[in-house]
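Here's a structure for you.
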Amino acid sequence: MPSPPSNITARFARILATIVLVGIYDSARLVSRLRRKIGKKDAPESERILLIGTFDNSNWFRSHVDPIVQSGNVEVALVCDAPIEGVAGVSFFCPPRWVAAILTRAFSKFLWSIVAGIRFRPALCIGYHVFPAGAIALVVSRLIGCRAGFQVTSGPLELEGGGWHAENRLLTALGAPSEVVERSVHRMIQEFELIVV
């Protein structure tokens with residue numbers, strides 16, 4: 001007796017999500033390792049930090065960005081969907097909505113992060129959540145020659161079982177814990193110089 005279509009659809013979504021996530025995590029790790037082998041440039045000694053994330057409300061934005069800005073004489077560049085609020089010392093790099101609609105939000109942030117990194121020359125690049133911002137931060141940091149970090153914003157939800165119960169559509173498409181994705185993400189996070197928990 002054949003499985004109901006919903007089960008077939010869920011299985012296909014899980015397989016596709018697994019392939020995409022493992023591909024992204026392993027590619028980010030590979031870029032990081034290759035960059036080390038070919039001779040990474042010294043990280044700039046600036047007081048500049050590039051942040052990458054999604055901020056759904058101003059409270060979330062304030063609780064994560066304000067402490068960094070107030071930590072000293074720090075300049076912050078933020079790659080996000082749209083400017084949230086004007087904060088002294090924060091420059092925004094936001095892909096236009098039409099670009100995000102064509103390329104996806106994650107890929108458009110990746111491209112804008114590269115541009116921001118080249119123009120801003122940060123000493124540290126931090127992503128909020130391991131996927132996609134953490135993976136983006138790792139690759140961009142290696143391409144521009146700075147240190148990489150990510151904030152484990154959701155706690156263990158981001159890593160356990162490959163992040164299958166996090167708030168991201170691709171992660172939730174796993175539908176259940178995935179040891180394959182979890183191993184891949186754990187291999188990738190070993191490449192970061194900084195992990196904020």
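Here, residue 1 is the first one in the sequence, and each next residue gets the next number. No hydrogens, no waters, no symmetry mates; every other heavy atom, side chains included, goes into these values.
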Got a sec, which residues hit side chain to side chain contact (heavy atoms under 4.5 Å, CB included) with Ala166, two or more places apart in sequence or on another chain?
Leu171

Any salt bridge (charged side-chain N to carboxylate O under 4.0 Å, His left out) involving residues 20-30? Give me the pairs, sequence neighbours left out, ordered by first then second residue.
Asp26-Arg187

Residues forming a side chain to side chain contact (heavy atoms under 4.5 Å, CB included) with Gln151, sequence neighbours excluded
His64, Tyr128, Thr153, Val196

Pairs where residues 166-184 contributes a residue and the test salt bridge (charged side-chain N to carboxylate O under 4.0 Å, His left out) is met, not counting sequence neighbours
Glu179-Arg183

Results of salt bridge (charged side-chain N to carboxylate O under 4.0 Å, His left out) for Arg119 - residues two or more places apart only
none

Decide salt bridge (charged side-chain N to carboxylate O under 4.0 Å, His left out) for Glu193 and Arg142; before the verdict, give the C-alpha distance in whole Å, the side-chain angles of both, and the deciding distance to 0.1 Å.
CA-CA 11 Å; Glu193 284 84 15; Arg142 297 309 183 240; 3.1 Å; yes

Donor-acceptor pair, side chain of Ser184 and main chain of Val181, under 3.5 angstrom:
no

Restricting to salt bridge (charged side-chain N to carboxylate O under 4.0 Å, His left out), what partner residues turn up for Asp66, sequence neighbours left out?
Arg62

Sequence neighbours left out, what pairs pass salt bridge (charged side-chain N to carboxylate O under 4.0 Å, His left out) with at least one residue falling in residues 126-140?
none

Just jot down the side chain to side chain contact (heavy atoms under 4.5 Å, CB included) partners of Leu111, sequence neighbours excluded, or say none.
Leu103, Phe107

Does Ala133 have any side chain to side chain contact (heavy atoms under 4.5 Å, CB included) partners at least two apart in sequence or in another chain, and if so, which?
Ile52

Sequence neighbours excluded, which residues qualify as salt bridge (charged side-chain N to carboxylate O under 4.0 Å, His left out) partners of Glu191?
Arg33, Arg36

Can you list every salt bridge (charged side-chain N to carboxylate O under 4.0 Å, His left out) pair that touches residues 67-79, not counting sequence neighbours?
Arg48-Glu75

When you measure from the side chain of Ser27 to the backbone N and O of Gly23, does any donor-acceptor pair fall under 3.5 Å?
yes

If you measure from the Lys or Arg side-chain nitrogens to the Asp or Glu carboxylate oxygens, is any gap between Lys109 and Asp81 under 4.0 Å?
yes

Give the table of side-chain donor-acceptor pairs shorter than 3.5 Å for residues 12-20, with sequence neighbours excluded, one pair per line with atom names and distance.
from  : atom 1 : to     : atom 2 : distance (Å)
Arg14 : NH1    : Leu174 : O      : 2.7
Arg14 : NH1    : Ala176 : O      : 2.9
Arg14 : NH2    : Pro177 : O      : 2.9
Thr18 : OG1    : Arg14  : O      : 2.8

